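Counting begins at 1 with the first residue of the sequence. Every heavy atom of this structure was used, including side-chain atoms; hydrogens, water molecules and symmetry mates were not. Remember, predicted model here, so these are calculated numbers, not experimental data.
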Amino acid sequence: MTLIHPITQDIFQVRIPVPFPLKYVNCYLFRENNGWTLLDTGLHDEPGLNAWMHVFDVLQISPRDIRRIILTHTHPDHFGLAGYFQNLSNAPVYALDREIETVPVIWRDDAAHVEALSAFFAQHGVPSRVVANIQERSRQLIRWTHPLPQFTPLHENDTVLVGEHHYRVVWTPGHADGHAVLQSANDGLLLAGDMILAKITPNIGLWPQSDPNPLKSYLASLEKVDALHARTALTGHRAVIENVAARIQELRVHHAERAHACWNAARECSAYEIALKTFERLENAEDVRMAVVETLAHLEFLVGEGRAERLEGGVTRYRRTG
Ligand SMILES: [Zn+2]
């Protein structure tokens with residue numbers, strides 16, 4: 001499969017393989033007078049690195065030509081290679097200030113942190129054998145993000161040069177607490193990261209130490225992005241989105257439907273039990289991990305709306321109201 005897809009003469013979408021069901025993360029290269037800007041990186045594993053070496057070869061880029069690395073958010077598939085590339089290029093690595101704060105919390109390589117994550121899944125009803133697999137997965141994900149880069153913070157409404165154009169930084173929490181999109185003033189382009197995706201929906205998850213109501217934040221971010229009136233969104237996975245407004249409307253409907261399904265299933269059940277009832281297939285620990293945090297985001301949204309209550313105990317349960 002071809003890795004490099006030209007968007008314009010000077011913007012290239014680069015598909016880097018990731019060992020997730022998503023298969024690829026879309027990263028972007030922006031040509032400048034004397035170098036390149038890199039948007040998102042893929043994670044730090046051998047297939048990812050090999051893919052980049054091939055891309056650099058084809059476009060005749062030396063890692064020293066990377067002038068800056070910009071990250072939409074710090075999930076492993078988007079930032080795992082940032083530190084590695086920074087070591088090769090000395091380029092600054094930019095992310096939103098709020099997102100940078102989360103990195104030492106979420107991606108530090110320490111046993112206590114992974115234990116706390118496992119306790120969180122057990123608290124929400126996940127069986128211990130699955131928790132053990134999730135724990136192993138968490139350790140692997142952390143390894144794929146190292147070495148961590150030295151960050152340079154971006155702030156909301158900053159203007160940054162990306163390739164030949166200036167983009168405005170817009171904070172869009174939900175998928176990640178400090179997720180940012182970049183809006184071009186010139187040509188209606190939106191560098192969307194995982195804020196909106198075609199065909200699939202970005203995972204909106206409640207994690208320990210994350211935003212306590214990420215779905216509420218995400219729905220507000222959808223409104224914010226809608227108001228930007230972008231023409232084309234360059235996304236972090238799957239296809240480029242040409243009709244941004246229509247896709248935003250579909251995402252609103254999706255979350256309303258999923259919230260309703262969670263409400264319907266919440267009859268003094270754990271988030272794990274509700275995930276089993278509302279997701280079509282949960283085949284492995286990774287499926288369970290993502291489904292449980294997504295279900296929790298919807299349940300906590302319902303709690304916030306007064307449509308469900310959280311029952312604390314050995315295992316946290318949710319009960320619908322109204
Ligand atoms: Zn992603």
Side-chain angles (χ1 to χ4, degrees), residues 1-7 11-30 36-56 58-59 61 63 66 68-86 88 91 93-96 99 102-103 106-107 137-138 140-149 162 172 174-176 178-182 189-205 232-241 247 251 286-287 289-290 293-294:
M1 135 152 219
T2 326
L3 297 175
I4 306 170
H5 297 262
I7 304 289
I11 304 177
F12 297 87
Q13 183 189 69
V14 174
R15 291 188 191 156
I16 300 299
V18 291
F20 303 145
L22 288 164
K23 292 202 174 70
Y24 293 89
V25 57
N26 298 330
C27 306
Y28 296 87
L29 279 165
F30 298 78
W36 295 80
T37 290
L38 178 54
L39 180 79
D40 291 345
T41 68
L43 49 78
H44 190 177
D45 69 351
E46 211 180 310
L49 256 182
N50 287 343
W52 273 115
M53 292 310 133
H54 171 75
V55 168
F56 288 161
V58 171
L59 296 175
I61 300 173
I66 300 171
R68 63 188 76 75
I69 299 168
I70 301 175
L71 305 173
T72 56
H73 61 301
T74 56
H75 287 171
D77 48 338
H78 296 261
F79 98 112
L81 272 167
Y84 180 86
F85 283 151
Q86 185 173 52
L88 292 184
V93 173
Y94 294 95
L96 199 69
E99 186 69 351
T102 71
V103 171
I106 299 175
W107 304 113
R137 179 72 173 175
S138 305
Q140 179 67 70
L141 286 170
I142 290 169
R143 283 197 290 271
W144 279 329
T145 66
H146 283 243
L148 295 175
V162 185
T172 52
H175 177 67
H179 189 288
V181 300
L182 301 171
L189 265 190
L190 184 75
L191 312 182
D194 288 354
M195 175 60 214
I196 53 173
L197 300 173
K199 294 272 172 25
I200 54 173
T201 62
N203 179 268
I204 309 303
T232 301
L234 304 185
T235 56
H237 303 276
R238 305 290 182 106
V240 166
I241 298 175
R247 185 58 187 146
L251 289 165
E286 177 64 9
D287 291 347
R289 194 174 83 94
M290 298 313 264
V293 296
E294 175 107 20

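In this structure, CD on Gln86 lies 10.5 Å from CD1 on Ile66, to the nearest 0.5 angstrom. Expressed to the nearest 0.5 Å, how far CZ of Arg238 lies from OH of Tyr24 amounts to 11.5 Å. In this structure, Leu59 CG and Trp36 CH2 are separated by 5.0 Å, a value rounded to the nearest 0.5 Å. In this structure, OG1 on Thr235 lies 11.0 Å from NZ on Lys199, to the nearest 0.5 angstrom. The distance from the CD1 atom of Ile70 to the CG atom of Leu96 is 12.0 Å, given to the nearest 0.5 Å. Interatomic distance, CE of Met195 versus CG of Leu182, reported as 13.5 Å (0.5 Å rounding).
Taking each heavy atom of Phe30 and Leu39 in turn, the nearest pair found is CE1-CB, 3.9 Å. Contact detail for Cys27 and Ile16: the closest heavy-atom pair is SG-CG1, 4.0 Å. Contact between Leu197 and His237 at its shortest, heavy atoms only, is CD2-N, 3.6 Å. Counting all heavy atoms, side chain and backbone alike, Pro76 lies closest to Leu141 at CG-CD2, 3.9 Å. Pairing each heavy atom of Gly42 with each of Val25, the nearest pair is CA-CG1, 3.7 Å. Among all heavy-atom pairs drawn from Ala233 and Ile196, the shortest one is CB-CD1, 4.0 Å.
No donor-acceptor pair closer than 3.5 Å links the side chain of Thr102 to the backbone N or O of Ile106. Looking at Tyr84, its side chain never comes within 3.5 Å of a backbone N or O of Leu43 through a donor-acceptor pair. A donor-acceptor pair is defined here as one N or O able to donate and one able to accept, closer than 3.5 Å; such a pair exists between the side chain of His175 and the backbone of Asn203. A distance-only check finds a donor-acceptor pair linking the side chain of Thr41 to the backbone of His78 [under 3.5 Å].
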Walk me through whether Phe56 and Phe85 qualify under ring-ring contact (aromatic ring centres under 6.0 Å, His included). CA-CA 12 Å; Phe56 288 161; Phe85 283 151; 5.8 Å; yes
Start with the C-alpha gap between Thr232 and Leu190, add the side-chain angles, then the distance that decides, and say whether side-chain contact (heavy atoms from CB on, under 4.5 Å) holds. CA-CA 6 Å; Thr232 301; Leu190 184 75; over 6 Å; no
From CA spacing to verdict: side-chain hydrogen bond (donor to acceptor under 3.5 Å, both in side chains), Asn26, His5: CA-CA 10 Å; Asn26 298 330; His5 297 262; over 6 Å; no
Please assess Leu148 against Trp107 for the test side-chain contact (heavy atoms from CB on, under 4.5 Å), listing each intermediate value before the final yes or no. CA-CA 8 Å; Leu148 295 175; Trp107 304 113; 4.2 Å; yes
Run the side-chain contact (heavy atoms from CB on, under 4.5 Å) test on Leu81 and Leu49 for me, step by step, so that the C-alpha distance in whole Å, both residues' side-chain angles and the decisive distance to 0.1 Å come before the verdict. CA-CA 8 Å; Leu81 272 167; Leu49 256 182; 4.0 Å; yes
For Ile142 and His146: C-alpha separation, side-chain torsions, deciding distance, then whether side-chain contact (heavy atoms from CB on, under 4.5 Å) applies. CA-CA 7 Å; Ile142 290 169; His146 283 243; 3.6 Å; yes
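Side-chain polar atoms of His73 and Asp40 form no donor-acceptor pair below 3.5 angstrom. In this structure, a donor-acceptor pair under 3.5 Å is absent between the side chains of His75 and His179.
The aromatic rings of Phe20 and Trp144 lie perpendicular to each other, with more than 60° between the two planes, well past the 30° mark.
Here the rule is side-chain contact (heavy atoms from CB on, under 4.5 Å) with Gln13, and of Ile7, Leu3, Leu29, Leu234 only Ile7 fits it.
Put simply, the side chain of Phe79 does not reach to within 4.5 Å of the side chain of Thr72, judged on heavy atoms.
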